[in-house]
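Structure first, commentary second.
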Amino acid sequence: MTEPSLEKLTAEGERERVSVLVPLPFPTALDYLAPAGSVAPGDLVSVPLGRRQETGCVWEAQTDVPADFAPVTGRAVPLARLKPLLGRLDLPSIPADLRRFIDWLAAYTLTPPGLVLAMAIRARHTQPTRVQLGWIRGSAETTGLRMTEARQRVLDVVGDVPLSTASLTEKTGVSAAVLRGLAAAGALREMPLVVPPLFAPPEPGFHVPHLSIEQQEAADRLAEGVRAHRFSVTLLEGVTGSGKTEVYFEAVAACLAAGKQCLVLLPEIALSTQWTDRFARRFGVQPALWHSELGGKKRRETWHAIAQGQASVVVGARSALFLPFPDLGLIIVDEEHESAFKQEEGVTYHGRDMAIVRARLSDVPAILVSATPSLETLTNVETGRYGHVTLQSRHGNAKLPEVRLLDMRRAPPERGQFLAPELIGAVQACFERQEQAMLFLNRRGYAPLTLCRACGHRMECPHCSAWLVEHRARQILTCHHCGYHAALPETCPSCEAEASLVAIGPGIERVYEEAKLHFPEARILVMASDTLGSPSATAEAVRRISEREIDLVIGTQIVAKGWHFPDLTLVGVVDADLGLGGGDLRAAERTVQLLHQVSGRAGRADKPGTVLLQSYLGDHPVMKALVSNDYQAFMEQESAQRKPGFWPPYGRLAALIVSADSAEAADRLAGLLGAKAPDLPGTQVLGPAPAPLAILRGRHRRRLLLRTRRNVAVQPILREWLEGVKLTTHERIDIDIDPISFL
Ligand code: ADP
Ligand code: ZN
């Protein structure tokens, strides 16, 4: 790793106080001394910190953070005690809009701003692409140069376009020493090589699709918003297969035509292979990718290309929000309803919500895209804060699939099996029509529970309050929360009965086993995040399905994503009730969204699609919404349920998760917080209560939930509540603003 070079600052003249934010958990920026006018906000600098040296960013006072959740700052060290700044780094600076975003997000999520800055500068360490030199012809009049055959060969080849040493030695068969000799005599000269840019510019007009009237209208409205160069939010809502991607590509084109950069957020980047191919077909080149699995070198190059304005379209995970775009023109959030946009570890933030904040602070338009928008977004549309563009029909001849319920009470599967006879028949019929089918079950592994038939003992994780999930292919029991795994014991660990452990319930491995039994001829592919971890594995799976090497796809939620497989006409949902337990605020909404999206994989081209939902809860509003395909009515019902209790989006939530190394310590700390709980109008504290995952990775967890009316900000309440609470090294309080997981 090359460290960027450090430009020393001349110490003549007056010195002034400079604030520097370092990527560490201090409550505010730190003050240093620098020659007056030598650095500007946004510059990356090197500062002394204790005995170390740290990279930081020159920061100004917070300006745009709303007063109602801005932290109180203002401790000033006297000028005489400040240490001098070491120097400025030869790196692109952090643009003002990104600095304001960092401040805003830090204040909103109650995170030390330095930890948010860390996300923005993690990839900085490199020289901006080092200039490489090549050879051109030098002066014709060389003094004292004895011409040899080798030297002549070189001079015959070089011209005015620089050639690298490697290519020149290869072309002529001479050694590099010969080149150096020629250069010393002046017969060759060095010139910077012309290196192609890392990201060739996408061409807005490379392949303009022929849009339907409805699509064209939608595209025009989005493009208009882009050309306004002002903050706005528009929801692009359209049924699955309506061409939402094609339509928002026109907004991307408008952004490119205006010479600005565009950021597209996708919930899961594993999804991106089909997406990037489509992008390349539309714009002639691949976009820049940004996600956590990007390797070190690629990551640094991409960061610099973006900072230099050279990468004009970036498609990324939520972390792409922290990239230093000098000239952002548009942010698109595809599948905006996805809970995968919420970051649950480290700095907890919602990628969709923060994308809107980023757009507002950068004064650029944002487009949210979904077939099943979140209640949050729909509410903003209703109140007129967001614009709304809709696509009502599928592209071309494709029709929406027919969704039918398979009532598991009436016609259940055979004992010990999980596929009802009607579903098996439908899959068989699908194969007979030479079409592809998909079975969906949102559960990895073989079985979610292993039980002793003799004594009823359940195999649980020793570190978490969770059952161990059997993964039969790997011959282990594993915990999906902490990764603990162990071999399946031969005797029950509790009563020592032999061969008494039985698998209860299905995971996709078990569905696979059953499918092999029913469809011995079929070519089956299992898709889950653990079997298809890498983008290349996903791309290979997509290729095999697209090229009809596969008859039946069995998968977890990874198969629900935006895939487009023209010959896939049947989707069977093995357990439609799965997401509905657990008392999660958004359980119903999320189940409808997920199952709607899975259903959307069926019949996307000329052949009609069918979706079969296996459910024991046929009368549940979720099943009714899916069968009638009336998302709007369902969301109206959801809204009516959340309004009276001021649940989001009609009120605000913040969760406190207390954890400690013993149950007693967790109870004590949670009890203390409970006793100190704010008692204010328009606010309510629920808990403390044991978290559903009462023990996680050996830590005992308790939860408290703060609920306020919409007009009450939770941040100052939390700050006051937590003030003076002392924690031992074994205790923690995690704050989750706008929580979406309640585990
Ligand atoms: P959605 O994102 O709404 O589910 P997509 O954008 O994936 O829909 O479009 C579904 C399929 O239809 C894709 O294969 C897409 O390329 C194709 N498609 C949509 N609109 C057009 C169009 N105007 N011309 C050609 N193909 C289109
Ligand atoms: Zn565990």
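Whatever order the structure lists ligands and atoms in, that order sets their numbers, starting from 1. All heavy atoms count here, side chains included; hydrogens, waters and symmetry mates do not. Computed from a predicted model, the values in this text were never measured in an experiment.
- Here the protein heavy atom with the shortest distance to atom 2 (O) of ligand 1 is Thr245 OG1, 3.3 Å.
- Of the angles at the Zn ion (ligand 2), the one spanning SG of Cys461 and SG of Cys482 is 110° when given to 10°.
- Distances from atom 13 (C) of ligand 1 to the heavy atoms of His395, Arg604, Arg278 show the closest one on Arg278.
- A cation-pi arrangement, defined by a distance under 6.0 Å to the six-membered ring centre and an angle within 45 degrees of its axis, is present between Arg472 and Tyr446.
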**Message:** Walk me through whether Asp661 and Arg732 qualify under salt bridge (charged side-chain N to carboxylate O under 4.0 Å, His left out).
**Reply:** CA-CA 10 Å; Asp661 55 358; Arg732 270 184 76 127; over 6 Å; no
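- Contacts with ligand 1 closer than 4.0 Å are made by no heavy atom of Leu391, backbone or side chain.
- Distances between N or O atoms of Ser212 and those of ligand 1 include no value under 3.5 Å.
- Here Cys479 meets the criterion, with an N, O or S atom under 2.8 Å of the Zn ion (ligand 2).
- Heavy atoms from both the backbone and the side chain of Glu246 come within less than 4.0 Å of ligand 1.
- Polar contact check, Gly241 against ligand 1: a nitrogen or oxygen pair lies under 3.5 Å apart.
- A salt bridge between Arg548 and Glu435 is absent, with no side-chain N of the basic residue lying under 4.0 Å from a carboxylate O of the acidic one.
- On a distance-only criterion, Gly238 and ligand 1 share no N/O pair closer than 3.5 Å.
- Taking atom 8 (O) of ligand 1 as the reference point, the nearest protein heavy-atom neighbour is Gly243 N, 3.0 Å.
- Annotation: Thr240 places no N or O atom under 3.5 Å from an N or O atom of ligand 1; distance criterion only.
- Remark: side-chain polar atoms of Arg221 are paired, donor with acceptor, to backbone N or O of His388 under 3.5 angstrom.
- For ligand 1, the atoms lying closer than 4.0 Å to a non-hydrogen atom of Val239 are 3 (O).
- Contact atoms of ligand 1 toward Leu211: 23 (N) (distance under 4.0 Å to a heavy atom of the residue).
- Using a distance-only test at 3.5 Å, with no hydrogens or angles considered, a donor-acceptor pair links the side chain of Arg282 to the main chain of Pro204.
- Formation of a donor-acceptor pair under 3.5 Å by the Arg318 side chain with backbone atoms of Ala340 is found in this model.
- The distance from ligand 1 to the heavy atoms of Ser242 drops below 4.0 Å at these ligand atoms: 1 (P), 3 (O), 8 (O).
- In this structure, Glu382 has no side-chain contact (heavy atoms from CB on, under 4.5 Å) partners at least two apart in sequence or on a different chain.
- Salt bridge status for Glu246 with Lys244: absent, with no side-chain N to carboxylate O gap under 4.0 Å.
- Scored by the salt bridge (Lys or Arg N to Asp or Glu O under 4.0 Å) test, Glu345 finds no partners at all (sequence neighbours excluded).
- For ligand 1, the atoms sitting less than 4.0 Å from at least one non-hydrogen atom of His210 are 22 (C), 23 (N), 24 (N), numbered in the order shown with element in parentheses.
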**Item:** CA sep, side-chain torsions, deciding dist, call: Arg543, Glu540, salt bridge (charged side-chain N to carboxylate O under 4.0 Å, His left out)
**Value:** CA-CA 5 Å; Arg543 186 197 61 75; Glu540 172 61 7; 2.9 Å; yes
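- Considering only heavy atoms from C-beta on, Arg701 comes within 4.5 Å of Ile657 through its side chain.
- Using bins of under 30°, 30° to 60° and over 60° for the plane-to-plane angle, the ring pair Tyr631/His596 lands in the tilted bin.
- Considering only non-hydrogen protein atoms, atom 11 (C) of ligand 1 sits nearest to His564 CE1, 3.5 Å.
- Listed by atom number, the atoms of ligand 1 under 4.0 Å from Lys244 heavy atoms are 1 (P), 2 (O), 3 (O), 4 (O), 6 (O), 8 (O).
- Of the protein's non-hydrogen atoms, the one nearest atom 20 (N) of ligand 1 is Gln215 NE2, 2.9 Å.
- Taking backbone and side-chain atoms together, His480 has no N/O/S atom less than 2.8 Å away from the Zn ion (ligand 2).
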